[in-house]
Amino acid sequence: MHIDIDEIAKSYGATPALHPVSLSIPSGAMVALLGPSGSGKTTLLRILAGLEQPSSGRVLLDGADAIGTPVQKRRAGFVFQSYALFRHMSVFENIAYGLRARPRAERPTRAEIARRVQHLLELIRLPDIAQRYPGQLSGGQRQRVALARALATEPRMLLLDEPFGALDAQVRKELRTGLREIHDATGLTTVFVTHDQEEALTLADRVAVMSMGRIEQVGAPSEIRSRPATAFVRNFIAEESRLPA
Amino acid sequence: MADTALHATPVTTEARSVRLALSSVVLALTAVLLLAPLAVVFAEALRAGPLASLQAIGQPDALAAIRLTLLVAAIALPLNAAAGLAAAWAIAKFDFRGKALLITLIDVPFSVSPVVAGLALVLLYGSGGVLGDWLKAHDLKIVFALPGLVLATLFITFPFVARELIPVMAEQSRAEEEAALTLGASGWRMLRTVTLPNVRWALLYGVLLCNARAMGEFGAVAVISGKIRGQTTTMPILIEMLYNEYLSTAAFSMAALLATLALVTLALKSFLEWRHADLLAATRRH
């Protein structure tokens, strides 16, 4: 699905979180919103999902204005920073949640739900954990279950908030590859938020660098690396490269 | 390593003598202040033999009081659970004008004397009261009747559920609820499948405490009940009446029964805590 962010602004009281920003995300692309904390990247992602209302501006999904569409109808698969798995439900119930929440007429049968959950568990390469609870899973497993849960409802776009933030380096690398594979297999338009420039530049097709509620530069990773458009982008990229991996 | 050294002499531990002294003081106080009075009530109830106690409880007035007490609690509990849940939800999850005022208002029943609460209800709903004439015109009886008892009990027990829920709800982030919404759940479904299961223990504690207090409430209920024997006397009121009439076996038997009901509530809470200790630990860890 093609996403058009058209002059979206958001302020909390007198504090502006987003100055009017515009960004066009072509169908099937994988885009990173990259920036330090407080740059407005998560706010922008939440506005796409319908979890927050912008103060002004439009979000066009395949050309249709989606601002009035409630979060339930946006059909955005959202992976939360801390995964937000339902801790009192098993992995199976977590993944099946979105299917069971559908109105009766559109709800798949029990057998169909079981089949789809199993299919998703295989997609995330954890076929045997259906009966476990989130508390019994490792961080990496939780992240993958959160991804499967978001995919279960057959969303039109996949939105991820710092999807690898809480994981150690080894797991992070594996899951990055996993996410890229799933993206390529499903062709879902994917937007993820990160403060890690290496992650953004290696994983995404396009990167939007954000700072202080503004988009500083949008471009392919090679462009961002070789031709930083502003002093901020140059410093941000340079600074992180100096840090040990 | 440093860790083991730390464990060997924890800085927060007092000398053995101090610990012993402190725990004996606490135990002695508990015995004198809490256990002794309860024991005396049960001893006094059984002094004329268990048969006399049972007979006293079997009197029609006594049975009516027991029924009434349970009925009032049964009506007040679900209402207060719903109201407390709504209040806690609003306070913990949203910012709005007047929030501080609402939090203060919830605590009013804790600070206002129950007798004052009872009087206020009489002034509001009684004959000659603010709403008295209107109620009379519509043939609605609140004061000296069951609705009055329920209103007084609701007033007194209002904070229990909300107070238990607010800290638990405030501590939990909204992420799980938001996740439910992005998965297409309606607000009602989210409440039922995510919010409520996450606060079920706090809710249960609140309801159990509310129940103990509802059955034992005296002051507010005494004022609004009019103390009509067999009709508006709840257990605490009947106990006082019997005691004033020097019917001590009957009074203490009822008192022992009321105390037992409260103790059963406490025991139920402890049992559930013990039974679901692992689940409790799991939900609190996050």
Side-chain angles (χ1 to χ4, degrees), chain A residues 12-13 42 45-46 48-52 69-89 93-104 106-107 132-137 142 145-162, chain B residues 85 88-89 92-100 164-165 167-207 272-286:
Chain A
Y12 297 98
T42 296
L45 194 76
R46 290 171 59 85
L48 284 182
L51 288 167
E52 278 185 59
T69 313
V71 47
Q72 290 97 337
K73 300 248 157 41
R74 290 273 175 112
R75 295 189 46 211
F78 201 104
V79 175
F80 289 81
Q81 186 166 12
S82 49
Y83 316 134
L85 294 176
F86 307 127
R87 39 202 145 117
H88 58 284
M89 294 182 203
E93 290 169 314
N94 263 281
I95 298 176
Y97 189 89
L99 295 172
R100 289 174 173 169
R102 284 188 184 169
R104 200 172 293 276
E106 300 162 34
R107 200 179 303 160
R132 295 225 222 134
Y133 283 82
Q136 301 168 312
L137 303 178
R142 279 184 216 177
V145 171
L147 186 59
R149 183 179 68 176
L151 292 171
T153 50
E154 297 167 319
R156 298 190 293 172
M157 55 183 162
L158 188 58
L159 308 173
L160 307 98
D161 187 5
E162 296 278 3
Chain B
L85 195 64
W89 169 283
K93 307 275 181 184
F94 303 107
D95 281 314
F96 52 92
R97 232 175 251 273
K99 182 164 158 174
E164 280 287 327
L165 286 178
V168 180
M169 282 189 152
E171 186 203 339
Q172 286 167 355
S173 75
R174 291 219 60 190
E176 278 184 55
E177 292 171 343
E178 288 180 341
L181 295 180
T182 61
L183 292 168
S186 62
W188 168 241
R189 190 179 180 89
M190 175 195 80
L191 181 75
R192 224 163 20 86
T193 57
V194 178
T195 313
L196 280 182
N198 277 344
V199 298
R200 60 188 161 186
W201 294 107
L203 183 62
L204 183 69
Y205 291 169
V207 167
L272 288 169
E273 265 174 4
W274 167 76
R275 181 72 212 284
H276 298 281
D278 46 342
L279 245 173
L280 268 173
T283 30
R284 279 191 184 155
R285 193 171 47 214
H286 295 279

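All values below were derived from every heavy atom in this structure, side-chain atoms included, with hydrogens, water molecules and symmetry-related copies excluded. Note on naming: letters A, B, ... go to the chains in the order of the sequence lines (proteins, then strands), and numbering restarts at 1 for each one.
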Ranking A/R46, A/R74, A/R75 by heavy-atom pairs under 4.5 Å to chain B gives rank one to A/R46
Locate the shortest heavy-atom distance separating B/N198 from A/H88; write the atom from each residue and the value. OD1-ND1, 3.5 Å
To the closest 0.5 Å, what do you measure between OG1 (B/T182) and CZ (A/R149)? 7.0 Å
What's the verdict on side chain to side chain contact (heavy atoms under 4.5 Å, CB included) for B/R189 and A/Y97, showing C-alpha distance, side-chain angles and the deciding distance? CA-CA 11 Å; B/R189 190 179 180 89; A/Y97 189 89; 4.2 Å; yes
How many angstroms lie between atom CG of A/N94 and atom CD of B/E176, to the nearest 0.5 angstrom? 8.5 Å
Between A/Q72 and B/A185 (side chain of the first, backbone of the second, donor and acceptor by atom type, cut-off under 3.5 Å), is there such a pair? yes
Interatomic distance, OG1@B/T193 vs CZ@A/F86, rounded to 0.5 Å, equals 6.5 Å
Kindly give the heavy-atom pair with the smallest separation between B/L183 and A/T153, and that separation in Å. O-CG2, 3.9 Å
Most contact-rich option vs chain B, by heavy-atom pairs under 4.5 angstrom, among A/R100, A/R102, A/K73, A/Q81, is A/R100
Non-hydrogen atoms of chain B under 4.5 Å away: do they reach the side chain of A/L159, the backbone, both or neither? neither
Return the minimal non-hydrogen interatomic distance between A/A84 and B/A179, and the atom names on each side. O-CB, 4.0 Å
Of the listed residues (A/A101, A/A150, A/P155, A/A146), which shares the most heavy-atom pairs with chain B below a 4.5 Å separation? A/A101
